[in-house]
Enquirer: 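Here's a structure for you.
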Amino acid sequence: MAVAQQPSRPDVYRLYIDGQWVDAASGETFENINPATGEVLGVFAKGGEEDARRAVEAARRAFERWRKVPAPRRAEILFRAAELILQRKETLARQMTQEMGKVLAEARGDVQEGIDMTYFIAGEGRRLYGYTTPAEMPDKAAMAVRAPIGVVAAITPWNFPFAIPTWKIIPALVAGNTVVFKPASDTPWMAYEFVRILEEAGLPKGVINLVYGPGSTVGETLIRHPEVDLISFTGSSEMGRHVAQVAGADLKRVHLELGGKNAVIVMDDADLDLAVEAILWSAFGTTGQRCTAGSRVIVHRAVRDRLVDELAQRTARLRLGNGLDPETDVGPLINRAAVEKVHSYVEIGKQEGATLLVGGEPATEGELARGNFYKPTLFVDVKPQMRIAQEEIFGPVLSVITVEDFDEAIRVNNGVAYGLSSAIFTRDVQKAFKAMRDLDTGIVYVNHGTIGAEVHLPFGGTKATGNGHREAGAAALEVYSEWKSIYVDFSGRLQRAQIDEVKVD
Ligand code: NAD
């Protein structure tokens, strides 16, 4: 059944295909659960293969019209969307905290990142610069322009449920592509609100389509569909590998933003008070569920004890709770499975011989028992090769590794499969610049923790964190457009480049 309008709190949140809010073909639904309380926030249509296919077909039809809309006109719609997001920032942030669990201040930041990205990239509608260049033959013009790629499948995780979709969908649209958006099943509400805003801002039918549902059906259909030209995927490295393999068989464009195992280096000359603040924020902000979370501290032996004492005291004092409560420092994990995964890593850490100083168990006191809470956890005596120092835990678990000097710190930082973000605390300008050169990550911070990217710079990582593309900044356009080189010969005769001699007299 198709319905023209979706209210702000419908009985069932429907899929959005070809400009219509529709039930899933199967009629199935799923519940959206608040991870802090277990409360049901809404019932959502559970899309499947057929819905995904219909969405791709709608996006394909819309592409023929949308790609010909002048980019500044496309951008006008996106500017209107930015204004609507700004007007609704507080409501969206509160919804996000309920749906995803992060504390309200961070949820506001997530929405703000979406606002910043939408304004910034909408500005590209009046740029999308190509270039002209002299041709080597006389009476001939040469230029390079950006062309849209086609139908984009935007597949997103739950940890930045507003910002990440804007990072993908806004640049895709400004460049003239159409989109099928598949959000993570833990955060469909944010996806719904974002797509409603795009609809309200005036996007024509079929240009944006929204299909919630499992990765194994909806996601799998999208990555295999021959009419999908580009897959933009953010999620785990394990899933990213799978997406790349499937897409490779059809030579589809693939953009991957994957996991991290980020570290904060603290040298013996560091401002330790500042380092402690930054480490706590990097490790336990968003309950450690950021791709840029600082899950390792690499500390110089000379300051190790002072740093660890301070970190242990401060970690133990962090207040767990519902993110809507202004007293809360750390919210819940996203779901039960995440609690189990984090706890299994804590067990592994203990078995490997690391010393557990703080936390190390689910938090179940009082109201916390209703949600997915895990105590902020601190391990020391961690060796660089231990699994807790190598693998992405994606929870509030921090491992402290002690090193003897700067070179060892850099080696330990780089000695993991991932390469997203890194940080160094030092007052020595020589060490700072060497670190900027030698840290093998896509993002480097000096005297700041590993989190807090700004939207006008490229975002992404080296090694298993991705496949070489960058999100955000003007770099995003490299993902969502292709270069087309155009030659116009106005000589009126056949001129053969590299073969005919051009006389200069
Ligand atoms: P995930 O890999 O489990 O899921 C990501 C998305 O892929 C979801 O929408 C999921 O439904 C979908 N999916 C699952 N199976 C699929 C399939 N077979 N085909 C297509 N799609 C499928 O990741 P997650 O748990 O949602 O997110 C956490 C991960 O995301 C972490 O590893 C984190 O580091 C990473 N992440 C990376 C960045 C970055 O920019 N580098 C940003 C945020 C999160």
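Counting starts at 1 for both ligands and their atoms, in listed order. Computation of the quantities below employed the complete heavy-atom set of this structure, encompassing side-chain atoms and omitting hydrogens, waters and symmetry-equivalent molecules.
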Enquirer: For atom 14 (C) of ligand 1, what's the nearest protein heavy-atom neighbour? Residue, atom name and distance, please.
Expert: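 For atom 14 (C) of ligand 1, the nearest protein heavy atom is Gly215 CA, 3.6 Å.
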
Enquirer: Return the NE2 to CD distance between His242 and Glu220, rounded to the nearest 0.5 Å.
Expert: 3.5 Å

Enquirer: Considering only the protein, which heavy-atom contact is closest to atom 27 (O) of ligand 1, and what is its distance?
Expert: Pro157 CB, 3.3 Å

Enquirer: N/O to N/O below 3.5 Å, does that happen between Trp167 and ligand 1?
Expert: no

Enquirer: OG1/Thr234 to CD1/Ile155 distance, rounded to the nearest 0.5 angstrom?
Expert: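 If I round to the nearest 0.5 Å, the distance is 10.0 Å.
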
Enquirer: What's the shortest distance from atom 11 (O) of ligand 1 to any protein heavy atom, and which residue and atom give it?
Expert: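 For atom 11 (O) of ligand 1, the nearest protein heavy atom is Lys182 NZ, 2.9 Å.
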
Enquirer: With heavy atoms under 4.0 Å as the rule, classify the contact between Asn159 and ligand 1 as side chain, backbone, both or neither.
Expert: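 Answer for Asn159: side chain.
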
Enquirer: Should Asp325 and Arg319 count as an ion pair when the cut-off is N to O under 4.0 Å?
Expert: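 A salt bridge is absent here (no side-chain N lies under 4.0 Å from a carboxylate O).
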
Enquirer: When you measure from atom 7 (O) of ligand 1 to each heavy atom in Phe160, Trp158, Tyr212, Phe233, which option holds the nearest one?
Expert: Phe233

Enquirer: Check each of Lys341, Glu392, Gln289, Met239 against atom 15 (N) of ligand 1 and report the one with the nearest heavy atom.
Expert: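 The option holding the nearest heavy atom is Met239.
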
Enquirer: Thinking salt bridges, do Glu31 and Lys46 make one under a 4.0 Å N-O criterion?
Expert: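 So Glu31 does not pair with Lys46 through a salt bridge.
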
Enquirer: Looking only at protein heavy atoms, which one is nearest to atom 9 (O) of ligand 1, and how far off is it?
Expert: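 Ranked first by proximity to atom 9 (O) of ligand 1 is Thr156 O, 2.8 Å.
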
Enquirer: Quick test: of every protein heavy atom, which one is nearest to atom 40 (O) of ligand 1, and how far off is it to 0.1 Å?
Expert: Phe459 CE2, 3.1 Å

Enquirer: For a side chain to side chain contact (heavy atoms under 4.5 Å, CB included) with Glu99, tell me which candidate from Leu41, Asn34, Ile334 qualifies.
Expert: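 Going through Leu41, Asn34, Ile334 one by one, the side chain to side chain contact (heavy atoms under 4.5 Å, CB included) with Glu99 is satisfied by Leu41 alone.
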
Enquirer: Any ion pair linking Glu277 and Arg314 (charged N to carboxylate O, less than 4.0 Å)?
Expert: yes

Enquirer: Is Lys350 paired with Glu347 through a side-chain N to carboxylate O contact shorter than 4.0 Å?
Expert: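 Answer for the salt bridge query: yes.
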
Enquirer: One residue to check: Ile155. Relative to ligand 1, which of side chain, backbone, both or neither has a non-hydrogen atom less than 4.0 Å away?
Expert: side chain

Enquirer: For atom 42 (C) of ligand 1, what's the nearest protein heavy-atom neighbour? Residue, atom name and distance, please.
Expert: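 Looking at atom 42 (C) of ligand 1, the protein heavy atom closest to it is Cys291 SG, 2.9 Å.
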
Enquirer: When you measure from atom 4 (O) of ligand 1 to the protein, is at least one non-hydrogen atom found at a distance under 4.0 Å?
Expert: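 Within 4.0 Å: no protein heavy atom nearby.
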
Enquirer: Let me see the working for Asp250 and Arg224 under salt bridge (charged side-chain N to carboxylate O under 4.0 Å, His left out), right down to the final yes or no.
Expert: CA-CA 8 Å; Asp250 282 336; Arg224 292 178 190 277; over 6 Å; no

Enquirer: Ion pair present between Glu482 and Arg253, side-chain N to carboxylate O less than 4.0 angstrom?
Expert: yes

Enquirer: May I ask you to identify the nearest protein heavy atom to atom 35 (C) of ligand 1, giving residue, atom name and distance to one decimal place in Å?
Expert: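 Protein heavy atom at minimum distance: Gly235 O, 3.2 Å.
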
Enquirer: Geometry only, no angles: is Leu258 polar-contacting ligand 1 at N/O separations under 3.5 Å?
Expert: yes

Enquirer: Given Gly442, Ser236, Gly466, which has its nearest heavy atom closest to atom 2 (O) of ligand 1?
Expert: Ser236

Enquirer: Do Trp167 and Glu257 meet the criterion of a side-chain donor-acceptor pair at a distance under 3.5 Å?
Expert: no

Enquirer: Apply side chain to side chain donor-acceptor pair (under 3.5 Å) to Ser295 and Lys261, showing your working.
Expert: CA-CA 6 Å; Ser295 64; Lys261 189 69 190 175; 3.3 Å; yes

Enquirer: Answer yes or no: does an N/O atom from Glu471 fall short of 3.5 Å to an N/O atom of ligand 1?
Expert: no

Enquirer: If we only consider heavy atoms of Ile164, is any one of them less than 4.0 Å away from an atom in ligand 1?
Expert: yes

Enquirer: Among all protein non-hydrogen atoms, which one is nearest to atom 28 (C) of ligand 1, and what is the separation to 0.1 Å?
Expert: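 That would be Phe394 CE2, 3.6 Å.
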
